[in-house]
Amino acid sequence: MVPVTLTEKAAQEVKRVLAESGMSSETALRVAVVGGGCSGFEYRLDFDSSPASEDDVVGDCLGVRVVVDRASVRFLQGTTIDYQDSLMQKGFVFHNPLAVKTCGCGTSFAVS
């Protein structure tokens, strides 16, 4: 089971981008954590047309195929990914219960 969930709004946005880009129905949303950013780690979202290596955790969330590499799993347990479209913010927002510090950019975080 993948360690992240998508809200309905996030799933709809991923599906919209996939459809508009003409990507295959096999394309997955890849969620990862990499070192960097002003708080130590950064979230990464990408599309992967050939997911599911032995180093990946694959699942489905509201009709979106989601892939997380095993190294990122421990940083993402319980994370919810939402999509916001307002005057002040437009984009994906991560709600990570493991993050003890986040940056104003919304993509950088630290864990204890």
Side-chain angles (χ1 to χ4, degrees):
M1 188 165 95
V2 290
V4 299
T5 57
L6 301 176
T7 64
E8 186 66 41
K9 287 175 83 175
Q12 287 174 354
E13 181 63 13
V14 171
K15 290 175 188 177
R16 184 191 69 75
V17 172
L18 283 169
E20 284 185 3
S21 301
M23 293 185 213
S24 158
S25 61
E26 295 298 312
T27 302
L29 176 68
R30 180 170 287 281
V31 183
V33 172
V34 296
C38 46
S39 294
F41 295 103
E42 287 183 310
Y43 299 109
R44 289 281 166 89
L45 293 177
D46 203 356
F47 290 112
D48 191 336
S49 59
S50 58
S53 79
E54 59 196 37
D55 294 326
D56 291 330
V57 177
V58 182
D60 182 89
C61 190
L62 300 174
V64 174
R65 191 170 177 199
V66 179
V67 179
V68 178
D69 64 276
R70 292 197 187 279
S72 296
V73 167
R74 68 184 181 123
F75 299 107
L76 294 169
Q77 287 295 337
T79 298
T80 300
I81 302 172
D82 193 10
Y83 184 79
Q84 294 188 355
D85 187 359
S86 68
L87 290 174
M88 296 295 291
Q89 183 175 18
K90 182 173 185 167
F92 291 97
V93 179
F94 292 78
H95 301 284
N96 185 342
L98 302 176
V100 295
K101 177 182 168 192
T102 59
C103 181
C105 66
T107 62
S108 182
F109 69 102
V111 294
S112 59

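The model shown is predicted, which means the values in this text are computed figures rather than measured ones.
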Item checked: Non-neighbouring partners of S86 that pass side-chain contact (heavy atoms from CB on, under 4.5 Å), sequence neighbours left out -> M88, Q89
Margin query: Please tell me whether V34 and V66 are part of a single hydrophobic cluster in this structure, the criterion being side-chain heavy atoms less than 4.5 Å apart.
Written below: no
Next item on the list: Measure the spacing between OH of Y43 and CZ of F92 and express it to the nearest 0.5 Å.
Entry: 14.5 Å
Next item on the list: Please test E42 against V33 for side chain to side chain contact (heavy atoms under 4.5 Å, CB included), starting from the C-alpha separation and ending with a verdict.
Entry: CA-CA 6 Å; E42 287 183 310; V33 172; over 6 Å; no
Notebook entry, point to check: Can you name the side-chain contact (heavy atoms from CB on, under 4.5 Å) partners of D85, sequence neighbours left out?
Noted result: Y83, K90
Notebook entry, point to check: Any ion pair linking E13 and K15 (charged N to carboxylate O, less than 4.0 Å)?
Noted result: no
Next item on the list: Hey, could you give me the CD1/CG distance between I81 and L6, rounded to the nearest 0.5 Å?
Entry: 5.5 Å
Next item on the list: Measure the spacing between CG of L76 and CG of L98 and express it to the nearest 0.5 Å.
Entry: 8.0 Å
Note to self: On a heavy-atom basis, which atom in A11 and which in L62 lie closest, and how many Å separate them?
What the structure shows: CB-CB, 3.8 Å
Notebook entry, point to check: Would V14 and M23 show up in the same hydrophobic cluster when neighbours are defined by side-chain heavy atoms closer than 4.5 Å?
Noted result: yes
Item checked: Any D55 side-chain heavy atom under 4.5 Å of D69 side chain -> no
Item checked: Spatial distance of atom CG (N96) from atom OG1 (T80) [nearest 0.5 Å] -> 9.0 Å
Next item on the list: Mind checking side-chain contact (heavy atoms from CB on, under 4.5 Å) for D82 and listing every partner two or more places apart, or none if nothing turns up?
Entry: T7, K9, Q84, H95
Check: Apart from V67 itself, what residues make up its hydrophobic cluster when side-chain heavy atoms of I, L, V, M, F, W and Y under 4.5 Å apart count as a link, directly or indirectly?
Finding: V58
Next item on the list: Please check if the side chain of S72 supplies one atom and the backbone of V68 the other of a donor-acceptor pair under 3.5 Å.
Entry: no
Notebook entry, point to check: Who passes side-chain hydrogen bond (donor to acceptor under 3.5 Å, both in side chains) against E20, sequence neighbours left out?
Noted result: R16
Margin query: Going by the rule salt bridge (Lys or Arg N to Asp or Glu O under 4.0 Å), which residues pair with D48 if we only count those two or more places apart in sequence or in a different chain?
Written below: R30
Item checked: Set of residues satisfying side-chain contact (heavy atoms from CB on, under 4.5 Å) with respect to S24, sequence neighbours excluded -> E26, T27
Item checked: Close side-chain approach of P97 to T79, heavy-atom, < 4.5 Å -> yes
Check: Can any side-chain N or O of D46 pair as donor or acceptor with the backbone N or O of V31 at less than 3.5 Å?
Finding: no
Notebook entry, point to check: Is M1 close to V57 at the side-chain level, that is, under 4.5 Å between some pair of heavy atoms?
Noted result: no
